[in-house]
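Values reported hereafter were calculated over all heavy atoms of this structure, with side chains retained and with hydrogens, waters and symmetry mates removed. As the structure lists them, so they are numbered: ligands from 1, and atoms in each ligand from 1. From a predicted model like this one, the values you see are computed outputs, not experimental measurements.
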Amino acid sequence: MRVSIVGGGFAGLAAAQLAERATADVQLYDEGSYSGPRRGAWGEMVWDYSKLPVERDVPGYVREATTGIFVGSEGKTTVNVPDGVILNRGELEKHWARTLDRTEIVENAAVNEAAFRQLAAESDLLVDATGQFPISQQFTDLSYDVACPTLSGRIEADFSHLYPEPRALAYENYFLWIVPQSPEEATVGLGCRADRSADELYADMRTLLTEIDVEPPERGTLYSGTDVSNGLRSLADCSYELNGCTVHVAGDAIGVANRLTGFGMIHAAQSGRAAVGAFFGAESYRRRLLCQNFWPKAVTGALAPVHDTIGLEGIARLATSDIEYQESFEPQGPSDIVSAVRAFL
Ligand SMILES: Cc1cc2nc3c(=O)[nH]c(=O)nc-3n(C[C@H](O)[C@H](O)[C@H](O)COP(=O)(O)OP(=O)(O)OC[C@H]3O[C@@H](n4cnc5c(N)ncnc54)[C@H](O)[C@@H]3O)c2cc1C
């Protein structure tokens, strides 16, 4: 069996890790490199770290973070972060890639549509883990229910007044986060629900950071990104046939990130494993994805109209009210939505 994986972020690496247990013929293609500098300045915090098939205290594992601070107009609240960890994701990805001893890793390989078709013709399973706006959009109707523009970077400044807790600050349309790696360095980002250009985001980020006594970074040190997510129905596009090969779409490519928080690294890894596990177990990948994501997607989907009406500031008010997210910030069942709405009203 030949397994080809395109995209080597958390989804692709997790897929390769599982695939090399099942077959000796695994190729992982990534347009970046695992030896030089690696993109890594998008938020770097995860919850539920133990769901990641990677040890603790490896390169890229920065420290535990079991609480975070959520700030809305009604003040700040401390949120429990179940199994929370701050990462340097680029370093973690490099380490993870080094642990794949039976996978052929092809770096600096930007796979285009023609090459993707060719890989399909040569493979039994092709995993598309190319992240937001993936290559599979050429072959399917894949699109995103949520796509928020973001601007983020790893910046050096004085964070001693904010260290050590990661913080999320909610404004009407904006979401600003600061994840301190140390008192002198943090991943800082701004996400927006409305359509904003990178320059507009930058101007607003400068204002917001200045308000909280953080020296704004230079524009050139920041990356533009998009926080993408899909609801349950869109997961239907997670599997298709191309040139006689099964293609499974994993991670951000299929939009498995949480629709409210945007957290997606753990979900990406889980879906990468599901993409491979379902194939070798002769099970439906779609079914696995639905099972893995049912409650978070159903509940965050139900919350979406509330979100659209009350905005991020409203979500912040929800978070400061008496909702029990102690087990996990991911809503687990319908009672979470009911209690969230009741608390808000
Ligand atoms: C600004 C921002 C902040 C975020 N903060 C957090 C956070 O704090 N915690 C969290 O859990 N999630 C966060 N997320 C979400 C998280 O980044 C994603 O859900 C997660 O990275 C998805 O992993 P992935 O492997 O699917 O995709 P990616 O991490 O995007 O990896 C895709 C890989 O595919 C490669 N690739 C792409 N196209 C090609 C191609 N044509 N050929 C070959 N290779 C290709 C890329 O080089 C890349 O390595 C954030 C997202 C954004 C935008």
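In this structure, atom 28 (P) of ligand 1 lies nearest to the protein heavy atom Arg39 NH1, 4.1 Å. Closest to atom 16 (C) of ligand 1, if we only count protein heavy atoms, is Arg89 NH2, 3.8 Å. Looking only at protein heavy atoms, the nearest one to atom 32 (C) of ligand 1 is Ala129 O, 3.5 Å. Considering only non-hydrogen protein atoms, atom 4 (C) of ligand 1 sits nearest to Gly43 N, 3.6 Å. Nearest non-hydrogen protein atom to atom 1 (C) of ligand 1 is Thr150 OG1, 3.4 Å. In terms of protein heavy atoms, atom 19 (O) of ligand 1 is closest to Asp252 OD1, 2.7 Å. Of the protein's heavy atoms, Val111 O, 3.0 Å lies nearest to atom 41 (N) of ligand 1. With respect to atom 43 (C) of ligand 1, the closest heavy atom belonging to the protein is Ala109 O, 3.2 Å.
With ligand atoms numbered from 1 in the order given, ligand 1 contributes 51 (C) to contacts under 4.0 Å with heavy atoms of Asp227. Listed by number with element, the atoms of ligand 1 under 4.0 angstrom from any heavy atom of Met265 are 7 (C), 9 (N), 10 (C), 11 (O), 12 (N), 19 (O).
Look at Arg154 and Glu44 and you find a salt bridge, because one of the NZ, NE, NH1 or NH2 atoms lies within 4.0 Å of a carboxylate O, short of that distance. Comment: Asp30 engages Arg38 in a salt bridge, judged by a side-chain N to carboxylate O separation of less than 4.0 angstrom. A salt bridge links Asp83 with Arg56: the distance from a Lys NZ or Arg NE/NH1/NH2 to an Asp or Glu carboxylate oxygen falls below 4.0 Å. Using a 4.0 Å cut-off between charged side-chain N and carboxylate O, Arg219 and Asp199 make a salt bridge. The existence of a salt bridge linking Arg117 and Glu113 is confirmed by a sub-4.0 Å separation between a basic side-chain nitrogen and an acidic carboxylate oxygen.
In terms of N/O distances under 3.5 Å, ligand 1 is approached by Met45. Between Glu93 and ligand 1, not a single N/O pair is under 3.5 Å apart. Considering both main-chain and side-chain atoms, Phe10 comes within under 3.5 Å of ligand 1 through a nitrogen or oxygen pair. Residue Gly12 has no N or O atom closer than 3.5 Å to an N or O atom of ligand 1. Of the polar atoms of Gln132, none of the N or O atoms is found under 3.5 Å from an N or O of ligand 1, judged by distance alone. Between Ala11 and ligand 1, at least one N/O pair is under 3.5 Å apart.
Evaluated by nearest non-hydrogen atom to atom 47 (O) of ligand 1, the leading choice among Asp30, Ile5, Val6 is Asp30.
Ser152 counts as a contact of ligand 1, since one of its heavy atoms falls under 4.0 Å from the ligand. For the pair Arg38 and ligand 1, a heavy-atom separation below 4.0 Å is found. Ligand 1 lies nowhere less than 4.0 angstrom from a heavy atom belonging to Trp47.
The closest side-chain heavy-atom distance from Asp145 to Ser234 is below 4.5 Å.
Within 6.0 Å of CD in Glu156 there are 12 or fewer heavy atoms belonging to other residues, nucleotides or ligands.
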